[in-house]
Amino acid sequence: VNMLFSQEWEYSLEYGPYDNEMLFFVEPTELSDGNIAVASYYSYKRANTPYIYSKDPAVVILSSSGEELARCVFHREGYTSMTYTPYLIEKDGDLFALFTHSPEHDYDSPNYFLNYDNPPEDAILSFCKLDKELNIIDSCEYRFPIDIFQDSNWWQWQEEPNELSGHLFMLSVFEDKEDLIGSYIKTVSADIDSIGSRGHDSLFFFRMNFKGEIVDMKGYERETHGFTCPSIVYRRNQILKTDSNYLLYEAYDKDIKHGQVLYYDLEFNHVATKYIVHPDYNTPILDADPLKDISVLKINDSTTYLSVTASCIDNPHNDFYNDVRLYKLNDNIENASDYLSTENYIIRGGPYTYERPPGTNSVDVANDTSIYFACNYNMHDSALEPYCVIECLNADMDTISTLFYDKSLESIRTMNDGNILLTGYGYIAKFPASAFDPDKIEALISPKTKAIMAVHYVGYPCDMDKIMAIAKKHTILVLEDAA
């Protein structure tokens, strides 16, 4: 039983809150040689505030057994990365990284852009081909003029100088046939005394070949004026692809709508907009509650799983307490309605607890059948340790089994063999697919086995019928722990 539910390995780095530098693991990619490339970012402590950091894109290569093989940090003098983490793509055995740099506006940082004789006035989009040791063997750069105005007398700018100054934020990068499709937001600087005077933020789509050449690009002006902080509002991988469209999922808080999906054709022309409404909101205060912490996964042209944070319907007046929801949506553009159809959904959380989905990916699919859904608990209770629950769901979104981990989670990814990779604050761990399958218990029973311990945790009971049948067959005890 211990073998069944234990992780295969964990690679972790020990950091404290006052360490000057830290490496964060975000999104793992399984490579064709069996190794794992982890899109990461390197953080530097702000001089006067121990919890605010400047960031550089980074990549770490681990072996299939969790040993570090290589590490690379993409640092630029006078710049930071508001995308934080690079996007990694493997093509024909070669590894490529795509990431951004924007001027570093934190004047407490030794990398502050005005510390240099030629301070930057542009943001940079970089595309690199990497060797096995993560050396750059080929690269392309694109520089875009960026707003470097600093609203330095505003207290919020002083706390979030990079978020509220002009920068690039990558929304998505994915392979489409022989090219890469990418999207980024280019922000202007926020100006609290003259809102709108610096222009509008912009959304750009581009098509890039694997030589790093941008062969097509199209941009759209947004309604926002530098105050949205895309790195807070958006997450990675928010643009999806169907056979005929690209879809952008985002929050929306007008006219009793909670989210919207923007549809673009394959030439990046905007062709439709559809809306998302939480299906069971029945309190006026919830009417203007936009989607938060969006994570999306497309299964086919008509079906998408959407994970979001939402206000708790049993305690709607308290912004501190949230639920985490997983929706199964029909987002086929041919549907007549302007609203997406919610085919099914589940809710996790309570009226007096604070839950959040993982920061990057909270839902994934293994072998086209098993859906894995993750949720973090105790996220803002200093008296309790955070932990995560990963559920294995069937197509009807019924819970088949659960896995509990004593750390908060940043991302969940399934591997080609169905095993699970988890990343979080300073760690990456691998769990076998059997950790979710009670049918695998019997194969692990040996003459030394004395008991099976079933842990029912926070409302998720074990499959006791199967466990009791196995125990009876082998004449062993069952211990139940209702935690």
Inset, instruction - In sequence, state the C-alpha distance, the side-chain angles, and the governing distance for D331 and Y263, and then conclude on side chain to side chain contact (heavy atoms under 4.5 Å, CB included). - result: CA-CA 10 Å; D331 57 7; Y263 293 75; 3.6 Å; yes
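- In terms of modelled atom types and a separation under 3.5 Å, the side chain of D364 and the main chain of T414 share a donor-acceptor contact.
- K257 places no side-chain N or O within donor-acceptor distance of the main-chain N or O of G259, the cut-off being under 3.5 Å.
- Between Y11 and F25, the ring planes lie tilted relative to each other; the angle falls in the 30° to 60° range.
- The shortest distance between side-chain heavy atoms of I400 and D398 does not fall below 4.5 Å.
- Closest of all the heavy-atom pairs between F268 and K218 is O-CD, 3.2 Å.
- We find the CG-CD1 distance between L247 and I333 to be 7.5 Å, quoted to the nearest 0.5 Å.
- Side-chain rings of F204 and F206 stay apart, their centers remaining 6.0 Å or farther from each other.
- Within the cation-pi definition used here (under 6.0 Å to the ring centroid, within 45° of the axis), K328 does not qualify as a partner of Y305.
- Salt bridge annotation for E175-K241: absent, with no cationic side-chain nitrogen under 4.0 angstrom from a carboxylate oxygen.
- Between the side chain of R236 and the main chain of T85, a donor-acceptor pair closer than 3.5 Å is present.
- Residues K132 and A70 approach most closely at O-CB, 4.0 Å, considering heavy atoms.
- Within the 6.0 Å centre-distance limit, the rings of F210 and F96 are counted as a close aromatic pair.
- Between H270 atom NE2 and L262 atom CG the span is 5.0 Å, to the nearest 0.5 Å.
- Residues I89 and V173 form a side-chain contact, since some pair of their non-hydrogen atoms from C-beta on lies under 4.5 Å apart.
- Ring centroids of F205 and Y246 are separated by 6.0 Å or more, keeping the two rings apart.
- In summary, the side chains of E90 and S32 do present a donor paired with an acceptor at a separation below 3.5 Å, with no hydrogens or angles considered.
- If you look at F431 and Y405, their ring centroids are closer than 6.0 Å.
- The cationic atom of K55 (NZ for Lys, CZ for Arg) lies less than 6.0 Å from the six-membered ring centre of Y84 and within 45° of the ring axis.
- In summary, the side chains of H278 and Y327 do present a donor paired with an acceptor at a separation below 3.5 Å, with no hydrogens or angles considered.
- Using modelled atom types and a 3.5 Å distance limit, the side chains of N361 and E27 yield a donor-acceptor pair.
- Side-chain contact between I390 and L422 is present, with at least one heavy-atom pair separated by less than 4.5 Å.
- The distance from the OG1 atom of T100 to the CD1 atom of I185 is 11.5 Å, given to the nearest 0.5 Å.
- Put simply, the side chain of Y372 does not reach to within 4.5 Å of the side chain of V363, judged on heavy atoms.
- When only modelled atom types and interatomic distance are considered, S172 and S183 share no side-chain donor-acceptor pair under 3.5 Å.
- In summary, the side chains of N419 and D417 do present a donor paired with an acceptor at a separation below 3.5 Å, with no hydrogens or angles considered.
- Partner of S40 under the side-chain contact (heavy atoms from CB on, under 4.5 Å) criterion, chosen from I428, V60, V73: V60.
- A donor-acceptor pair under 3.5 Å is formed between the side chain of N376 and the backbone N or O of L409.
- Remark: side-chain polar atoms of T399 are not paired, donor with acceptor, to backbone N or O of L393 under 3.5 angstrom.
- Considering only heavy atoms from C-beta on, D293 stays 4.5 Å or farther from V308 through its side chain.
- The CG atom of D301 sits 4.5 Å away from the OG1 atom of T242 when rounded to the nearest 0.5 Å.
- Taking the charged nitrogens against the carboxylate oxygens, R348 and E391 do have a contact shorter than 4.0 Å, which makes a salt bridge.
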Inset, instruction - Could you check V26 against V38 for side chain to side chain contact (heavy atoms under 4.5 Å, CB included), going step by step and ending with a plain yes or no? - result: CA-CA 7 Å; V26 177; V38 189; over 6 Å; no
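- Donor-acceptor pairing under 3.5 Å is lacking for the side chains of T83 and S81.
- Put simply, the side chain of V324 reaches to within 4.5 Å of the side chain of F373, judged on heavy atoms.
- Defined by atom type and a distance below 3.5 Å, a donor-acceptor pair is present between the side-chain atoms of E410 and T360.
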Legend entry - Steps toward side chain to side chain contact (heavy atoms under 4.5 Å, CB included) verdict (F174, L180): CA-CA 6 Å; F174 54 87; L180 294 173; over 6 Å; no
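- Between V389 and L403 there is no side-chain heavy-atom pair separated by less than 4.5 Å.
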Inset, instruction - For side chain to side chain contact (heavy atoms under 4.5 Å, CB included), just list the numbers for L306 and L326, CA-CA rounded to whole Å, side-chain angles, deciding distance to a tenth of an Å, and then say yes or no. - result: CA-CA 6 Å; L306 168 68; L326 179 65; over 6 Å; no
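- The closest donor-acceptor contact from the side chain of W9 to the backbone of S64 lies under 3.5 Å.
- We find the CG-OG1 distance between L329 and T303 to be 9.0 Å, quoted to the nearest 0.5 Å.
- A donor-acceptor contact closer than 3.5 angstrom is absent between the side chains of S341 and N330.
- E30 CD to L62 CG: the interatomic distance, rounded to the nearest 0.5 Å, is 12.5 Å.
- In this structure, a donor-acceptor pair under 3.5 Å is absent between the side chains of Y220 and R222.
- Counting heavy atoms from C-beta on, the side chains of K407 and E385 never come closer than 4.5 Å.
- Across S337 and K274, no two heavy atoms sit closer than the pair O-NZ, 2.7 Å.
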Inset, instruction - Would you check, one step at a time, whether the test ring-ring contact (aromatic ring centres under 6.0 Å, His included) holds for Y387 with F404? - result: CA-CA 7 Å; Y387 65 94; F404 303 90; 7.2 Å; no
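- Judged by distance alone, the side chains of E250 and Q260 do bring a donor and an acceptor atom under 3.5 Å apart.
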